[in-house]
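Notes to accompany the following structure.
Sequential numbering from 1 along the given sequence is applied to the chain's residues. It should be emphasised that the depicted structure is a prediction, and the values quoted were computed from it without experimental measurement.
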Amino acid sequence: MMPLIFQLPEASGTPPGGEGLLSSLCAGLSGERGVLSLRHFPDGETYLRVESTVDGRDVVILASLHEPDGKILPLIFLARNLRELGARRIGLAAPYLAYMRQDRRFQPGEAVSSRYFAELLSQYFDWLVTVDPHLHRIHSLGEIYTIPTSVIHAATAVARWLKAHLEKFVLVGPDEESRQWVEDVARRCGAPFMVLVKERKGDLDVAISVPDVDVWREFTPVLIDDIISSAQTMTTVVKALLSQGMSPPVCVGVHGIFAAQAYDQLRQAGAGQIVTCNTVPHVSNAIDLADDVVVEIKKILTT
Ligand code: R5P
């Protein structure tokens with residue numbers, strides 16, 4: 001039976017390009033697009049109705065989990081409803097997986113949200129596919145998720161994009177946490193790289209030490225990070241590299257969340273091109289991971 005594929009709508013409506021991944025999944029998985037009515041009552045509560053025939057079918061819910069708090073309840077209601085309507089298995093394709101950074105109790109009394117979020121999703125889904133989750137102190141999703149999980153790595157697609165669009169470049173990782181992505185992309189491109197040292201003093205306050213980059217002056221700097229959220233990290237590095245006479249850095253993020261005015265701030269700081277993968281719909285999406293997502297889901301659906 002054809003899998004049924006739903007997309008959880010964004011609260012702000014579908015942004016440009018946001019339909020692309022859904023269409024690719026439907027085509028690549030020979031799936032049927034699920035029909036769903038989701039709206040809010042005047043008091044803010046969620047109304048949800050599944051209009052497709054679900055009984056006995058594999059179901060995939062595509063939901064990129066940036067701005068997760070407004071999505072989690074409709075997502076759980078949808079999964080719970082699909083279960084009652086007889087779905088065979090219910091999978092979550094979350095190209096961006098939220099709550100991966102609060103993975104430890106840094107201060108007494110803090111919630112370890114990564115674990116709680118994982119426990120919640122594991123109750124309602126049979127499997128999870130995602131792209132480069134922020135694994136740092138947690139080394140694999142299996143440490144916190146109790147359902148089968150598959151992780152897609154964007155490094156191959158990022159390296160392909162860089163080789164096709166740039167000539168002489170040096171990769172720059174803003175902090176130790178970015179080393180895993182920067183090293184991987186550098187190896188695939190055969191490009192040099194450096195990893196800087198970052199100290200985060202607050203949500204919107206980061207300090208980054210940049211070494212003497214004189215030797216790289218002829219190269220285009222390419223900043224690589226997994227997440228661009230407030231863009232403070234990238235903005236700080238962009239300014240530091242420009243002050244050392246380097247050309248406008250190309251900024252590459254796997255997940256371009258761009259909270260509030262982050263995108264404009266990064267551009268105004270003097271960034272060159274800003275490029276992201278299509279894991280979070282955004283005008284900067286230039287690297288398409290749809291084929292990779294299809295391949296991973298296919299593996300699950302054929303078992
Ligand atoms: C953190 O360790 C991540 O890898 C990113 O560096 C971080 O999330 C970027 O955040 P922001 O854009 O808010 O500086």
Around [X], counting heavy atoms of other residues, nucleotides and ligands shown, do more than 12 lie under 6.0 Å from its [atom1]?
X    : atom1 : answer
Q123 : CD    : yes
R137 : CZ    : yes
E51  : CD    : yes
E110 : CD    : yes

For Y47 and H40, I'd like to know if the aromatic rings sit close, meaning centre-to-centre distance below 6.0 Å.
no
Within 45° of the axis and under 6.0 Å from the centre of the six-membered ring of Y99, does NZ or CZ of R101 qualify?
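Judged by the rule, R101 and Y99 form no cation-pi pair.
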Does a donor on one side chain sit under 3.5 Å from an acceptor on the other, for [X] and [Y]?
X    : Y    : result
D226 : H255 : no
E32  : S52  : no
H165 : Q273 : no
T233 : K198 : yes
D225 : S178 : no

With rounding to the nearest 0.5 angstrom, report the CD1 to CZ distance, I72 to F117.
4.0 Å
